[in-house]
2 protein chains.
Amino acid sequence: MPPEGTRQALIAAGIRLFGRQGYAATSVRSLAQEAGANIAAIAYHFGGKDGLRLACAEEFGQRMVGAIGQAGGPPANDPQVAREELKLIVRNVVRFLLSGPGASEIVPFMLRELAEGGPGVDAAYSSFAEPVHRRLCGLWGQATATEPESETVRLAVFSLIGQLMYFRIGQAIVTRRMGWAGIGPAEIDQITRRILSNLDAMLDREGQG
Amino acid sequence: MPPEGTRQALIAAGIRLFGRQGYAATSVRSLAQEAGANIAAIAYHFGGKDGLRLACAEEFGQRMVGAIGQAGGPPANDPQVAREELKLIVRNVVRFLLSGPGASEIVPFMLRELAEGGPGVDAAYSSFAEPVHRRLCGLWGQATATEPESETVRLAVFSLIGQLMYFRIGQAIVTRRMGWAGIGPAEIDQITRRILSNLDAMLDREGQG
DNA sequence: GTCTATAAACAGATAGAC
DNA sequence: GTCTATCTGTTTATAGAC
């Protein structure tokens with residue numbers, strides 16, 4: 001086992017097992033086994049179970065930014081262009097949340113941290129959630145010709161994000177009610193079209209009112 | 001301690017502690033202490049820790065139906081009436097999720113079960129989520145004069161629910177980004193107005209397209 | 001139906017050899 | 001940097017007195 005390999009393998013195991021079973025339910029023994037490493041390696045590399053959790057949260061922040069954050073083109077002043085960029089981001093995020101590479105592991109990990117109020121929340125907020133939300137607010141403001149950082153716009157963006165997130169969080173309920181066996185490309189397409197339609201409706205109304 | 005009191009106290013303790021810390025992180029010792037009961041009482045009444053969890057999930061289903069499900073008026077054929085009833089339900093659900101009596105305990109418990117894939121998911125789905133979703137689809141269909149059980153309508157209702165849920169699930173992120181100290185009546189009012197505005201926008205667009 | 005006492009397994013952390 | 005062996009505390013479950 002290469003020197004740096006053990007560390008990376010343990011982080012991967014942490015994201016996988018913490019996300020699947022939760023932090024408390026995951027023993028350091030199972031983590032070591034999953035990573036093909038020794039039990040003592042966790043204490044050596046991260047100082048303990050808590051340290052590994054924090055390292056997983058940092059890894060998550062980096063991956064998220066890499067997966068979504070690259071869509072940071074220069075702000076255009078045209079409302080129509082802003083709307084199209086908003087739609088592009090929605091498409092990317094839905095795809096990432098529901099089928100992105102490694103999303104089936106990293107997304108559950110993030111949701112666990114959110115639910116448990118773990119150290120991942122802080123890491124996710126400052127490195128990912130806040131900048132992304134701010135960028136969406138900027139685009140929303142351009143698309144509707146309103147103040148981007150107003151309370152109205154910030155809440156509107158959250159209600160947009162909520163729609164995306166629920167299809168991941170409530171997946172068990174959604175698939176059951178829809179009669180789907182799982183979520184494949186066809187289902188992602190349907191969900192995306194629905195959310196984009198909602199987005200258009202919300203933006204149009206904002207333009208009027 | 002009265003005979004039935006111990007049982008009820010243990011269920012209350014389960015909802016509280018499981019919701020706050022998660023299932024695995026909660027020991028039967030802390031449950032017994034929280035309930036003012038003996039450790040062995042859990043095994044006696046529920047057969048073990050798992051049994052108590054299941055009893056909590058059943059209790060949750062009953063309370064949820066009681067808290068929201070009563071808004072089951074007779075279906076009116078007027079689109080405008082259906083829209084108003086949809087709005088009424090949204091108002092009730094937002095209030096329940098963010099400030100309802102006992103919601104601060106029962107809602108986290110439900111979210112934990114959802115995240116952990118616990119037995120609460122099954123109980124919640126059949127006794128609560130499915131009937132409520134079906135009723136919302138019925139109202140949506142009437143409000144837009146479309147087939148209530150179509151895939152489009154079912155997804156639309158989920159995207160509506162997602163907006164509601166996110167303001168509870170992502171509370172930590174929302175309050176931070178909004179600069180709120182917490183969620184009180186004023187914040188609930190703002191969130192409600194935003195979601196109702198979105199609902200109007202979605203219904204209007206549906207009517208057109 | 002409630003309690004004490006205890007069993008048997010498992011947790012995370014660490015000392016020390018290599 | 002990786003391993004084995006072990007220490008200390010805690011877990012759930014249960015047997016048996018009352």
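The figures here come from the full heavy-atom set of this structure, side chains too, leaving out hydrogens, waters and symmetry mates.
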Which pair of heavy atoms, one from [X] and one from [Y], lies closest together, and at what distance?
X        : Y        : answer
B:Glu113 : B:Gly120 : OE1-N, 2.9 Å
B:Gly19  : B:Pro108 : O-CB, 3.8 Å
B:Phe109 : B:Gly14  : CD1-O, 4.4 Å
B:Ala124 : B:Phe60  : CB-CE2, 3.3 Å

Would you mind reading off the distance between [X] atom [atom1] and [N] atom [atom2], rounded to a whole angstrom?
X       : N      : atom1 : atom2 : value
B:Tyr44 : C:dT4  : OH    : C1'   : 17 Å
A:His45 : C:dA13 : NE2   : P     : 15 Å
A:Gln33 : C:dC10 : CD    : P     : 13 Å
A:Leu31 : C:dA13 : CG    : C1'   : 14 Å
B:Gln8  : C:dT2  : CD    : P     : 13 Å
A:Phe46 : D:dG1  : CZ    : C1'   : 13 Å

Give every donor-acceptor pair under 3.5 Å between a side-chain atom in residues 99-107 of chain B and any protein atom, sequence neighbours left out.
unit_1, atom_1, unit_2, atom_2, d
B:Ser99, OG, B:Arg95, O, 3.1

Exercise for review: Mind checking side-chain contact (heavy atoms from CB on, under 4.5 Å) for B:Glu116 and listing every partner two or more places apart, or none if nothing turns up?
Suggested key: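 Only A:Arg112, B:Tyr23, B:Arg53, B:Arg112 meet the side-chain contact (heavy atoms from CB on, under 4.5 Å) criterion with B:Glu116.
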Under 3.5 Å, side-chain donor or acceptor atoms of residues 181-190 of chain A against the rest of the protein: list the pairs with distances, not counting sequence neighbours.
unit_1, atom_1, unit_2, atom_2, d
A:Glu187, OE1, A:Gly184, N, 2.8
A:Gln190, NE2, B:Glu151, OE1, 2.7

Practice item. Please test A:Glu149 against B:Arg177 for salt bridge (charged side-chain N to carboxylate O under 4.0 Å, His left out), starting from the C-alpha separation and ending with a verdict. Key: CA-CA 10 Å; A:Glu149 284 296 313; B:Arg177 173 78 170 112; 2.9 Å; yes
**Study point:** Intermediate values then yes/no, side chain to side chain contact (heavy atoms under 4.5 Å, CB included), B:Ile161 and B:Leu136
**Key:** CA-CA 10 Å; B:Ile161 292 175; B:Leu136 291 175; 4.2 Å; yes
Review point. Partners of A:Arg91 by salt bridge (Lys or Arg N to Asp or Glu O under 4.0 Å), sequence neighbours excluded?
Key: none
**Study point:** B:Arg176: salt bridge (Lys or Arg N to Asp or Glu O under 4.0 Å) partners, not counting sequence neighbours
**Key:**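 Counting only residues at least two positions away or on another chain, B:Arg176 forms a salt bridge (Lys or Arg N to Asp or Glu O under 4.0 Å) with A:Asp122.
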Check your understanding: Between B:Asn38 and C:dT4, does any side-chain N or O lie under 4.0 Å from OP1 or OP2?
Key ->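 For C:dT4, OP1 or OP2 has a side-chain N or O of B:Asn38 closer than 4.0 Å.
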Point to revise | N or O in side chain of A:Thr6 less than 4.0 angstrom from D:dG1 OP1/OP2 | key: no
Check your understanding: If you find the nucleotide of DNA chain D closest to A:Arg29 and the one closest to A:Ala41, which residue's nucleotide is nearer the 5' end?
Key ->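 The residue closer to the strand's 5' end, by nearest nucleotide, is A:Ala41.
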Check your understanding: Please, which pairs that meet ring pair (Phe, Tyr, Trp, His ring centres under 6.0 Å) have at least one residue in residues 175-198 of chain A, sequence neighbours excluded?
Key -> none
Check your understanding: Mind pulling the stems DNA chain D is in, i.e. runs of at least three Watson-Crick or G-U pairs, everything under 3.5 Å?
Key -> C:1-10 with D:9-18, C:12-18 with D:1-7
Just distance, no hydrogens or angles: give the donor-acceptor pairs under 3.5 Å from side chains in residues 165-173 of chain A, sequence neighbours left out.
unit_1, atom_1, unit_2, atom_2, d
A:Arg168, NE, A:Leu97, O, 3.0
A:Arg168, NH2, A:Leu97, O, 2.8

Check your understanding: Of the nucleotides D:dG1, C:dG12, C:dG1, which one has an atom closest to the side chain of A:Val28?
Key ->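 Closest nucleotide to the A:Val28 side chain: C:dG12.
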Check your understanding: Which residues, if any, of residues 48-58 of chain B bring a heavy atom under 4.0 Å of DNA chain D?
Key ->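 By residue number: B:Gly48, B:Lys49.
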Point to revise | Strand contacts (DNA chain D) in residues 16-27 of chain A, 4.0 angstrom heavy-atom criterion | key: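 Result for residues 16-27 of chain A: none.
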All N/O pairs under 3.5 Å across the protein-nucleotides 14-18 of chain D interface:
none

Practice item. Could you list the residues that satisfy ring pair (Phe, Tyr, Trp, His ring centres under 6.0 Å) with B:Phe158, not counting sequence neighbours? Key: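 With neighbours one apart ignored, the set is B:His133.
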